[in-house]
2 protein chains.
Amino acid sequence: MPSSKPEAAETPSTSLKGRRRATLRDVAAALGVSPATVSNAYNRPDQLSAELRARILDTARDLGYWGPDPTARGLRRGATDVIGVVYADRLSYAFADPAAALFLRGVSNATEALGINLLLLPAAPHPDRETSSLVHAAADGFVLYSLADDAPALGLALRRGLPAVLVDVAPRGDVPTVTIDDVGGARSACEHVLALGHRALGVLGLEFDRTRRRGLANADRQADVPFFVTRERLRGYRSAVEAAGLDWQTSTTVFECAENLPEEGYEAAMALLSTETRPTALLAMSDQLAFGALRAAADLGLQVPNDVAVVGFDDVPLAEALGLTTVAQPTFEKGRLAGKLLLARLAGEEDASPAPLSTTLIVRGSTVRAS
Amino acid sequence: MPSSKPEAAETPSTSLKGRRRATLRDVAAALGVSPATVSNAYNRPDQLSAELRARILDTARDLGYWGPDPTARGLRRGATDVIGVVYADRLSYAFADPAAALFLRGVSNATEALGINLLLLPAAPHPDRETSSLVHAAADGFVLYSLADDAPALGLALRRGLPAVLVDVAPRGDVPTVTIDDVGGARSACEHVLALGHRALGVLGLEFDRTRRRGLANADRQADVPFFVTRERLRGYRSAVEAAGLDWQTSTTVFECAENLPEEGYEAAMALLSTETRPTALLAMSDQLAFGALRAAADLGLQVPNDVAVVGFDDVPLAEALGLTTVAQPTFEKGRLAGKLLLARLAGEEDASPAPLSTTLIVRGSTVRAS
DNA sequence: ATGAAAGCGCTAACAG
DNA sequence: CTGTTAGCGCTTTCAT
């Protein structure tokens, strides 16, 4: 077969099937200019005549060259224009929670003005690997969202030496941290139901640690909770209970959920409402869990709020529609602030951590019968 | 000041403030082994003795070397393990829509098993630049979600020659495309209200094109709609109307919204319900728009469904809570499919586009009074 | 099991 | 306004 290999036939234009993708060098060679000039045509239009630039861009198109390779560019420039947002769980759960989505919205609101994009990263390592994929991620900085204090990913990210911002994580050292007033929010939720006369309470807890355990949490279990948000809210509930002169252990049963999903809240509520000291009020650490509790109450034929009162946390859109009393937090703002803080850090500024953002109890029909 | 510059004092461990970040070479030099061996310690543990590997990792830690630089690694390997998800709008809107979040959830569900991460990219260029940031994005492939047929980003992404998958975009050439049965879904929504006896209809349309126009859309305007989803759903509504022997122009008023937000749906419904031929049924191209319509009806003192019926599209969680009749689509599955298709493409397989995913009308109280 | 050599594709200085 | 020079930090044959 003599004709099988056309020996590098000239295929100047639309040579998409060329043996190799065209590079900046090829374009330079084709025009007899230097690579630097071609680079400038893309990165600094003002550094060369409009005419030459046009010729370069044209030849590039003909050669099937679409522009500087982002990876090579990143290596050379030492920047990727990407920030990694690290989420505690698998990514597919990050979007299940409206509050997480709203947070992301806040972050991108801060970054998109600068043309910086968001890389979503799960903190948990890929099953086959030993470390979180965040060590392989090309990014200029990280937003570490809602990780357990002892999450390996946290250490990895911080050790990497890139700028980082913590969100809903216990403040540590000099890393800028964004938090909300979890203790105060939880306390106000609890005070609210106590004021309504409830004396037997049930807590629907978010994850305590990374074990994905699900079940009642005794005093021991409540002792050292690595998840900051869970720990703080628990503290808040407790402080209200004790301030009311009640004994925490006997008045309040705590159930620990494995994930922030309505299904988990459903299970938790089912379990709590079946204990001998059946609570008359359920304090959920998230609206997602509270939604499950509302469903559980309905399935058990219990009236809300008469038979059982329910309070959530977050105030996602569905909360209003369902008449859920809840603790509102400025989730979007939290994200925006985290984004801004990281950008400042990237720019070399040394912003201090802001004060915890404040929360507000929103009273709706799930605790107080609509007038 | 003689003592100001300690002339390269030995700071072997925790030399975080060293003049330069340690590289793989430094680690190799410190141990007197070759860079290749250090590289292997990270990438191919089986290629060297456990003992040597441990020593390498230890020295690396002491030197403040946290592992191979992802960008350099990417350049050398020719892969980033990142796929870009391109969304029509600014990123901060991508998360405003629960359906978009659910879609993303589907995509990540497909990719996370392979340790591939998601880079979120807005199709619209940054105000100061002329092209979408997707040309600067280091990624191995793209999911192009819900772009207008004439969006420049679409051409750019496709021209880049990387594997790509289209979602909710008009199929073109050989690019794998995931769509749903938009026409059928819309038709079923419309048939439903026609069957209920409605004869004056209002359509709350998603974006027609990238102009962010808002207002009534006449026949001209309805002629060539670049947004695939809008075009198809319009076609679906119309086919039902005409199949019922009605005249489209006189029976149906179409309002075009500028964005997929409840506020837009509110404006649209307000406008439609104030026209002389006041519609008795509103067909919204998304649940988000429909939610706004429900609010508008309430504000106008109109009873739903008695005074005005409302049908949505998507079936997001809130739809059930609000009793919205809507067209359900498998949004999560759509994302998962898109992810799998792209991964297959990345692996060199040539999967054909799947058939459009099917939709189902879910009848609730916004069109039919609860029994 | 380990090392040497050769770039991946680009851009920042600086010189002309 | 344009070209020259010199790597960015890594991985991957192919030897040894």
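Bear in mind that the values here come from a model prediction, so they are computed numbers and not experimental data. Convention: sequence-line order gives letters A, B, ...; per-chain numbering from 1.
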### Message
Whole angstroms only, please: what is the CG-C1' distance between N43(A) and dT2(D)?
### Response
16 Å
### Query
In whole angstroms, how far is the P atom of dG9(D) from the CZ atom of R73(A)?
18 Å
### Query
Which whole-number value in Å describes the distance from D26(A) CG to dG9(C) C1'?
10 Å
### Message
Looking at T177(B) and A170(B), would you say the former's side chain and the latter's main chain have a donor-acceptor pair under 3.5 Å?
### Response
no
### Query
Per the side-chain contact (heavy atoms from CB on, under 4.5 Å) rule, which among L337(B), V178(B), L144(B) passes with V165(B)?
V178(B)
### Task
Report which part of the nucleic acid Y65(A) touches: base, sugar-phosphate, or nothing (heavy-atom distance under 4.0 Å, all strands).
sugar-phosphate
### Query
For N40(B) and dG9(D), what is the distance between atoms CG and C1' respectively, to the nearest whole Å?
16 Å
### Query
In whole angstroms, how far is the C1' atom of dG9(D) from the CH2 atom of W66(B)?
10 Å
### Task
Select base, sugar-phosphate, or nothing to describe what R44(B) touches, counting heavy atoms under 4.0 Å on all strands.
sugar-phosphate
### Message
What is the distance, to the nearest angstrom, from the CG atom on D69(A) to the C1' atom on dC10(D)?
### Response
14 Å
### Message
When you measure from the centre of the six-membered ring of W66(A), is the NZ or CZ of R159(B) closer than 6.0 Å and no more than 45° off the axis?
### Response
no
### Task
For the pair Y65(B) and D26(B), evaluate side-chain contact (heavy atoms from CB on, under 4.5 Å) and give the outcome as yes or no after the intermediate values.
CA-CA 9 Å; Y65(B) 179 75; D26(B) 299 328; over 6 Å; no
### Query
Nearest-Å distance, CG (L24(A)) to C1' (dG7(D))?
16 Å
### Message
Tell me whether the side-chain N/O atoms of R76(A) come closer than 4.0 Å to OP1 or OP2 in dG9(C).
### Response
no
### Summary
Testing dT11(D), dT2(D), dT11(C) for proximity to the side chain of R77(B), the answer is dT11(D)
## Note on the structure
Testing dC10(D), dC10(C), dG3(D) for proximity to the side chain of V33(A), the answer is dG3(D)
### Query
Which comes earlier along DNA chain D counting from the 5' end, the contact point of T37(A) or that of R25(A), where each point is its nearest nucleotide?
T37(A)
### Message
Go nucleotide by nucleotide along DNA chain D from the 5' end; which of L75(B) and A36(B) gets its closest nucleotide reached first?
### Response
L75(B)
### Sole candidate of L118(A), V85(A), D81(A), N117(A) that passes side-chain contact (heavy atoms from CB on, under 4.5 Å) when paired with T111(A)
L118(A)
#### Entry: Atom pair distance, as rounded to whole Å: CD in E51(A) and C1' in dC1(D)
12 Å
